[in-house]
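Please read these numbers as outputs of a predicted model, since none were measured by experiment. Below, chain A is the first sequence line, B the second, and so on; all start at residue 1.
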Amino acid sequence: MKEIPTHYDQSKEAELYQLWESSGYFSPEGGSASGGNPDLRKPFTIMMPPPNVTGTLHVGHALFLTLQDILIRYQRMLGKKTLWLPGTDHATIATAAKVESILYKEEGKTRHDIGRMEFEKRATKFAQESHDTIVHQIRQMGASCDWSREAYTLDEPRSLAVRTAFKKMYDAGLVYRGARIVNWDPKLKTNVSDDEIEWKEEKAPFYYLKYGPFTIATARPETKFGDKYVVMHPKDARYKKYKDGEQFEVEWINGKVLATVIKDEAVDPEFGSGVMTITPWHDAADFEIAQRHKLDAEQIIDDRGVLLPIAGEFAGQHIKKARPMVVEKLKSKSLLEKIDENYVHRIATNSRGGGIIEPQIKEQWFIDVNKVFRDGKSLKQWMRDVVANGRIQIIPKHLEKTYFHWIDNLRDWCVSRQLWFGHQIPVWYKKIETEKKMGFAGDIVSQVFNTKTRTYRLRDHGFSIGDIVAFEDSSKTNIFGYGTITEIKKTTVGEIDLQDKKHWKTYEKLEDLIKAFKRHHPQKEVNQSTPAWLYTYKFAPAIYVNIDPPKEKGWTQDPDTLDTWFSSGLWTFSALGWPNQTADLKMFHPTDILETGYDILFFWVARMILMTGFLLNDIPFKTVYLHGLVRDKDRQKMSKSKGNIVDPLGITDQYGVDALRMALTVNNLPGSDLPLSEDKVRGYRNFANKIWNAARFVIQNTDGLNKDSKLNKEDQVILKQLDELIKDTTKLMDKFDFAHAAENLYHYFWHTFADKIIEEAKPKLADEKTKGSAQFMLKTVLETNLKLLHPFMPFVTETIWQMEHKELLMIAKWPESSLNE
RNA sequence: GGACGGUUAGCUCAGUGGUAGAGCAUCUCUUUGACGUAGAGAGGGUCAGUGGUUCGAACCCACUACCGUCCACCA
């Protein structure tokens with residue numbers, strides 16, 4: 001009889017992983033035990049959602065690793081050419097925030113103190129260390145992914161993909177630069193996208209202020225210095241006598257202000273007094289009103305949250321400090337009517353570890369989601385259609401509605417970030433001259449000299465400031481002039497005065513003018529016969545957008561980096577080598593299933609659909625399986641501050657990886673959160689041990705098994721039931737219903753196989769007449785169960801399998817039911 | 001304000017028309033050679049409420065209540 005310990009020893013798991021990995025079967029090229037040419041097998045692909053390189057693995061990672069490993073192991077056993085491609089994400093903002101916080105904690109410095117080069121160096125080092133930890137931990141979870149294809153969203157091939165994608169979108173007019181109001185985080189000094197905002201409720205004093213004849217209310221008096229528009233609803237009867245555009249003077253914080261009445265429907269007559277003043281530079285809603293009525297916008301707060309000179313005596317103060325002082329001043333000027341202390345409002349914070357958002361108007365890069373780019377469709381429509389028409393299936397189905405709702409409210413995606421870690425935007429700027437207009441000889445009408453300036457009066461050909469003009473004064477003295485227009489004064493119709501301050505030069509001879517002109521504009525062809533003075537030139541900012549930097553000197557790259565989701569949006573194909581048309585791309589794209597958390601449906605899933613739609617005219621995946629959040633046993637979200645983080649590796653050290661995997665699988669339905677308790681993990685540790693001991697019994701009692709034994713009726717019935725189990729399990733696996741598949745297997749193994757079949761087999765084994773049949777039956781049920789359980793609990797099943805087999809259970813053929821449908 | 005979920009045993013949740021289920025927890029018994037990380041057994045639920053459809057409803061429909069999540073420019 002074989003000596004087998006009475007308890008399953010999980011300390012050998014790392015060794016087993018080694019065995020699997022070195023077998024080569026993690027790669028699609030690895031072949032399969034069921035034989036045949038591996039290249040004829042159908043592919044099955046999953047892209048691992050790349051964990052952020054910001055530290056260590058948490059239980060949420062353990063969850064997706066488990067579910068995806070179940071999927072891939074199942075498909076591998078079916079004989080598919082499986083690829084599970086692992087990787088990590090540089091996570092622009094999260095990593096930058098982390099590195100900055102470490103820098104501040106350890107050295108009291110900000111990134112601006114050490115400079116961009118040094119910061120990038122440190123961030124890269126930090127990312128590398130995190131990567132190493134994470135990759136090690138992914139292995140510990142038993143993930144059977146193909147390490148030979150590992151990718152990183154910031155490595156060279158992915159960087160090429162990002163630059164290529166940007167260039168293609170730019171060329172298609174889908175990427176544009178514009179001044180818009182953005183969510184500015186003064187702490188990290190970057191803007192963040194709408195989706196990265198986390199709203200927090202805050203109780204704050206609500207101030208009712210006198211604004212001329214009106215009362216306005218605000219929670220932010222320190223932003224109100226420049227408010228010169230007073231807005232009310234056009235249908236509000238109370239303010240009927242005030243006309244749109246009407247102006248009057250009001251006494252305000254720092255003296256008199258000329259106020260203008262604006263009527264706009266955005267104002268809610270029910271709220272406060274039904275009148276408000278606006279601060280377009282620092283409030284998204286106000287910005288929109290200002291845009292509608294073409295109003296001025298003035299910056300009040302700088303990038304650090306400090307008040308600008310417009311704040312008068314408060315200039316230079318941080319807004320936080322300034323508020324009480326401003327309130328004091330308002331009070332002393334009797335402009336403060338009352339304070340509501342119970343006002344609750346929501347403030348925007350940067351969910352990526354930043355501070356309170358202070359909106360600012362900034363030049364940023366956007367992706368236009370409404371522009372038609374192909375087949376009469378916009379990105380928005382594409383994103384909607386591929387889900388609506390079923391090309392992409394979302395599990396659970398009800399999240400499709402959430403997806404549609406989000407798409408319908410989607411606005412242009414701001415993709416630039418003012419951070420120093422990530423993909424720098426592949427755009428270069430330079431001021432270059434462009435040929436602009438033609439003028440005519442003999443254009444000078446008159447010249448006026450005085451001690452400081454010299455004014456040439458020319459015929460107006462639509463000059464503008466910055467134009468370069470060369471001309472000849474052909475009147476009598478033959479003066480040749482050349483310079484940049486710095487000021488224009490309209491005079492009589494069709495004539496303008498060009499004032500010469502210091503940039504104008506005059507030459508006595510035409511040759512001298514040409515020489516000077518050539519020196520400054522070597523690329524222009526000018527000679528004696530060229531009427532040089534016929535041309536005017538203008539300096540214009542030039543933009544160069546391409547995959548690689550321009551070859552000539554003098555170009556400066558846009559300092560901004562791209563939103564991290566820009567690069568993760570390319571993941572399904574960038575990780576396969578795009579933009580190169582690789583064999584992998586052909587074979588494995590579109591991928592079969594994307595398994596990820598519902599919390600990044602918008603951030604990531606939608607962006608992948610967008611990017612793949614535009615760049616490949618295809619879908620990134622056929623199915624999206626969305627799991628929920630892992631919560632603690634009291635349904636609380638896990639967070640560091642609450643101290644309720646479950647460390648997956650601590651758990652697995654104690655109970656084994658298989659136990660944790662089962663605890664994360666059973667009772668875990670897509671789209672809903674999963675409470676995880678240690679009790680539950682312990683329960684499945686017990687199950688692992690149950691499997692171990694049932695196997696121990698079978699192995700110890702099937703010595704001398706005769707494979708040709710005839711099965712008696714009773715044992716045939718048992719194998720028929722087993723067939724039923726195979727059929728049900730396979731069906732559930734194909735529906736991605738792992739929770740029920742795992743639960744059924746658990747139930748069958750423990751309460752049918754162990755409790756009944758084994759118990760009833762004991763007397764049969766003792767009787768020589770039934771022994772052969774029972775042995776064969778027991779072995780069959782055990783081995784079938786090991787196979788069925790393997791995707792869920794790979795370690796214990798493989799360990800048992802290895803006691804009697806040379807081949808790996810990992811690539812054993814998935815059992816087939818002989819039952820007819 | 002809008003959208004989407006949920007409400008079933010003490011806890012976590014399955015269960016889409018035909019006599020209420022699982023795991024954990026609880027209680028009782030069992031030192032039997034696979035396993036005490038076990039075995040045998042038990043208790044426990046007017047399936048949120050109201051009304052409707054149906055021979056029949058946890059399940060379909062309407063409304064109500066409560067809980068949760070996401071989205072939204074209420075100063």
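One interatomic measurement links the two molecules: OH of A/Tyr403 to P of B/G2, which rounds to 25 Å at whole-angstrom precision. Following rounding to the nearest Å, A/Asp286 (CG) and B/C73 (C1') show an atom-to-atom distance of 8 Å.
Of the side-chain N and O atoms in A/Asn689, none sit less than 4.0 angstrom from OP1 or OP2 of B/A38. Distances shorter than 4.0 Å separate none of the side-chain N or O atoms of A/Tyr684 from OP1 or OP2 on B/G23. Phosphate contact (OP1/OP2 of B/C4, side-chain N/O of A/Lys397, threshold under 4.0 Å): absent. Between A/Lys401 and B/C70 there is no side-chain polar atom (N or O) within less than 4.0 angstrom of OP1 or OP2. The side chain of A/Arg411 places an N or O atom within less than 4.0 Å of a non-bridging phosphate oxygen (OP1 or OP2) of B/C73. Look at A/Lys680 and you won't find any side-chain N or O under 4.0 angstrom from OP1 or OP2 of B/C13.
Looking at which nucleotide of RNA chain B each of A/Leu674 and A/Arg220 is closest to, the 5′-most match is held by A/Leu674.
You won't find any donor-acceptor pair under 3.5 Å spanning the side chain of A/Glu759 and the base of B/A40, going by distance alone.
Across every strand in view, B/A75 sits unpaired, with no contact that passes the Watson-Crick or G-U test at under 3.5 angstrom. Within the shown strands, B/U28 is the pairing partner of B/A40 under the Watson-Crick or G-U definition, both distances less than 3.5 Å.
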Please report the C-alpha distance between A/Tyr8 and A/Phe795 in whole Å, then the side-chain angles of each, then the deciding distance to 0.1 Å, and finally whether the ring-ring contact (aromatic ring centres under 6.0 Å, His included) criterion is met. CA-CA 10 Å; A/Tyr8 166 58; A/Phe795 288 105; 8.5 Å; no
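Taking the six-membered ring for Trp, A/Tyr746 and A/Phe792 have ring centres at least 6.0 Å apart.
Rounded to whole Å, the P atom of B/G44 lies 35 Å from the corresponding atom of B/U53. When the P atom is compared between B/C47 and B/C59, the two are found 10 Å apart, to the nearest whole Å.
Below 30°, between 30° and 60°, or above 60°: for A/Phe687 and A/Tyr684 the angle between ring planes is above 60°, a perpendicular geometry.
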